[in-house]
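Before I ask anything, let me first share the structure, which is written out below as structure tokens.
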Amino acid sequence: MIECEWQVDQRRHGFIVTGVTPLAELNLTLVELRHERLGSRMVHLACEDDNNLFGVGFRTTPGDSSGVAHILEHTVLCGSQRYPVRDPFFTMLKRSLNTFMNALTSSDWTLYPFSSQNHKDFNNLMGIYLDATFFPLLRERDFRQEGHRLEYTEAADASSPLAFKGVVYNEMKGAMADPGSLLHRRLTKALFPTTTYGVNSGGEPESILDLTHEQLVDFHRTYYHPANAYFFSYGNLPLEDHLAVIEEQALQRFEPLVVDTAVPDEVRFSAPKRVTEGFPVAADESLSQRSMVQVAWLTCPLSDSFENLALSLLSQLLLGNPAAPLYKALIESGLGQNLAPSTGYHDDQRETFLAAGLQGTDPEHLDAIEALVLKTLHQTAETGFSDEQIEAAIHQLELSHREVVGDQYPYALLLLMRMFGPWLHNDDPVSPLLLDANLARLRQELAAGPFFQNLIRRQLLDNPHRVTLLLQPDTELKEQQESALNKRLQDHSAQLSEADRQELVRLATELQRAQEDEEDLSCLPTLELSDIPATERTESCQEEQLAGCPLYRFPQPTNGIGYFTTSLMMNDVPADLIPLVPLFGTLLPKIGAAGHSYLQMAERISASTGGISASGTVICDPFSPSSLLASCNSPSAETTPTALASQPARR
């Protein structure tokens with residue numbers, strides 16, 4: 001673990017250190033800071049990793065479904081005071097060595113993170129992100145491009161039909177037509193009727209059209225103030241350098257402001273509720289087995305880290321694999337085709353919830369599915385779980401907590417996601433990253449009595465804040481939505497004067513020109529060839545023999561988790577079977593073996609490993625160290641494999 005020289009009450013560049021916590025289980029040291037004048041929070045994770053990450057986030061809690069936070073996330077990336085070009089964010093993708101660049105909007109926060117292994121590149125991107133978030137141009141033209149605008153279908157022809165356009169508007173039209181996405185939105189709407197989680201932070205298409213440019217600017221002025229800002233950094237670059245840049249390029253230009261973005265407690269139900277929602281389908285589409293049913297409970301607040309841990313484990317025990325009781329009961333019931341989206345435990349909001357249900361079902365199965373879920377919970381509350389099942393769930397939790405992963409996102413971003421909710425809502429970034437203390441308490445609770453049985457009764461069976469949601473196809477909904485949209489367009493058209501029509505043409509032409517014109521990008525930072533290392537870093541390899549076979553070891557900072565990869569030659573596979581190899585690789589770890597059923601194998605794999613996978617890969621020399629390391633880092637299934645790689649992850 002990297003040596004950390006920071007101490008509590010230490011002051012640098014307007015910040016004061018409020019906490020220093022060694023995280024030995026993750027090989028990190030967590031430093032908490034607060035800006036003394038403005039109240040900005042910051043967390044730095046000091047470690048030996050050179051893939052440094054920086055992010056700035058804001059607690060954004062909209063009061064309606066206009067999508068203001070989502071549209072603002074898009075619009076701040078359309079140029080800023082220091083970088084007044086059309087699209088500095090995407091332009092930097094071409095002149096950067098970043099390992100990640102993006103912006104994210106959740107139900108109660110907006111986050112702007114990036115990572116890079118190059119020091120100069122890191123500093124370049126930090127300047128871009130700070131200026132974009134705190135000093136965006138927020139031009140009305142950019143709002144019309146990213147949010148919504150009224151425009152002729154043929155932009156330069158005022159005689160063509162009117163249409164609503166906009167990046168976020170079209171994005172959310174697609175999202176709200178997708179049943180899986182809609183299920184989660186409607187479930188949170190039903191579970192959280194009085195707080196920000198009950199609205200659609202991404203935006204309901206019809207509500208997006210009500211948002212004005214002035215409202216967008218006002219939202220930024222309030223929510224993107226440093227008093228509501230959360231800075232995060234990770235890696236081996238000096239924290240003091242980050243603090244200096246944040247203060248000099250952003251915070252020194254602001255005055256203190258009182259910003260109240262706290263989310264209140266949800267008003268608890270006195271009795272369970274049922275909700276029916278629809279999703280649009282064409283009149284000639286089949287409605288059979290298109291519905292979804294979800295049963296969900298509002299559970300504990302994020303501030304209770306132990307209860308949060310216990311519910312995560314309970315979700316794993318109930319739903320974590322095909323042998324888990326609720327998973328098995330739902331799948332084997334024949335009432336649906338698969339588990340519904342959003343099934344499981346959700347701890348990414350101020351108050352958590354657990355959900356279980358089926359998709360590919362029909363409305364007449366609603367009562368049976370709800371009854372099956374409750375019956376299975378009653379039975380499990382009586383019988384409990386075996387010691388082996390509990391240890392397997394704990395094993396999986398420990399693996400997920402310690403594992404250094406980064407296939408799609410940098411490992412540092414996953415750590416930030418884990419701590420961001422408790423940090424925003426409870427000012428506690430530490431507890432989500434500390435597992436050992438809560439596990440020790442859990443083992444004491446398990447020794448004292450039927451812990452998980454009591455948890456099922458307390459948080460689920462005896463909890464009246466329960467929603468049973470039916471999401472069913474509706475052949476009339478699409479026509480109703482289109483009719484309402486057409487009426488809105490007709491009303492707009494009827495109110496337009498000739499001057500208004502020409503103004504729409506002018507604005508469309510202006511927007512198109514702004515999108516297409518070449519720009520002077522000299523204001524943007526870049527890298528020189530001298531800033532890039534001339535050679536690629538190599539990984540050390542230790543070669544030895546094991547039972548007459550070559551064994552290659554690659555020491556890596558894995559937080560104590562070992563990974564084993566082996567390759568089997570498949571040159572003799574008949575040509576007609578080669579297309580089936582990816583399917584074979586998918587099914588191989590999901591079948592019975594050695595006299596054990598597939599359910600027994602699922603339990604054994606879960607209890608002993610972090611998972612076993614197999615995939616076909618085309619490689620020149622399947623037994624070379626470089627090929628083994630490559631397949632370990634990025635297993636893939638190809639249509640013409642020469643080797644089958646098997647990858648159990650083991651503590």
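Here, residue 1 is the first one in the sequence, and each next residue gets the next number.
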Original post:
Do you know which of Trp109, Phe134, Phe219 makes ring-ring contact (aromatic ring centres under 6.0 Å, His included) with Phe58?
Top reply: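 When ring-ring contact (aromatic ring centres under 6.0 Å, His included) is applied between Phe58 and each of Trp109, Phe134, Phe219, only Phe134 qualifies.
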Original post:
Excluding sequence neighbours, so at least two apart, what forms side-chain contact (heavy atoms from CB on, under 4.5 Å) with Ala484?
Top reply: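 Listed in chain order: nothing, the list is empty.
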**OP:** Answer yes or no: does atom CD of Gln512 have more than 12 heavy-atom neighbours from other residues, nucleotides or ligands under 6.0 Å?
**Re:**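 Not buried by this count: 12 neighbours or fewer within 6.0 Å.
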Original post:
Taking only residues two or more places apart in sequence, or in another chain, which ones meet Ser66 in a side-chain contact (heavy atoms from CB on, under 4.5 Å)?
Top reply: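 In terms of side-chain contact (heavy atoms from CB on, under 4.5 Å), with neighbours along the sequence ignored, Ser66 is linked to Asp64, Val68, Leu211.
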Original post:
How would you list, by chain and number, every residue that makes a side-chain contact (heavy atoms from CB on, under 4.5 Å) with Gln515, sequence neighbours excluded?
Top reply: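 In terms of side-chain contact (heavy atoms from CB on, under 4.5 Å), with neighbours along the sequence ignored, Gln515 is linked to Gln145, Leu511.
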**OP:** Not counting sequence neighbours, list each pair that qualifies as a salt bridge (Lys or Arg N to Asp or Glu O under 4.0 Å) and has a residue in residues 192-205.
**Re:**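 Checked against salt bridge (Lys or Arg N to Asp or Glu O under 4.0 Å) - neighbours excluded - the pairs reaching residues 192-205 are Arg186-Glu204.
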Original post:
Is any NZ, NE, NH1 or NH2 atom of the basic residue among Glu151 and Arg144 found under 4.0 Å from an Asp or Glu carboxylate oxygen of the other?
Top reply: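 No, this pair does not count.
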Subject >> Leu496 side chain near Leu504 side chain, heavy-atom distance below 4.5 Å >> reply: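 They are in contact (side-chain heavy atoms under 4.5 Å apart), so the answer is yes.
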Original post:
Sequence neighbours excluded, which residues qualify as ring-ring contact (aromatic ring centres under 6.0 Å, His included) partners of Tyr112?
Top reply: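 Applying ring-ring contact (aromatic ring centres under 6.0 Å, His included) to Tyr112 gives none.
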Subject >> Result of checking Phe164, Tyr169, Phe143 against His148 for ring-ring contact (aromatic ring centres under 6.0 Å, His included) >> reply: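 Of the listed residues Phe164, Tyr169, Phe143, the ring-ring contact (aromatic ring centres under 6.0 Å, His included) partner of His148 is Phe143.
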**OP:** Decide salt bridge (charged side-chain N to carboxylate O under 4.0 Å, His left out) for Asp427 and Arg34; before the verdict, give the C-alpha distance in whole Å, the side-chain angles of both, and the deciding distance to 0.1 Å.
**Re:** CA-CA 11 Å; Asp427 201 19; Arg34 184 181 291 269; 3.2 Å; yes
Original post:
Does the cation-pi check pass for Arg253 over Phe135, that is, NZ or CZ under 6.0 Å from the six-membered ring centre and within 45° of its axis?
Top reply: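 Cation-pi check for Arg253 and Phe135: passes.
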**OP:** Could you tell me which residues satisfy side-chain contact (heavy atoms from CB on, under 4.5 Å) with Gln117, sequence neighbours excluded, listed by chain and number?
**Re:**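 Residues passing side-chain contact (heavy atoms from CB on, under 4.5 Å) with Gln117: Asp50, Asn51, Thr99, Arg537.
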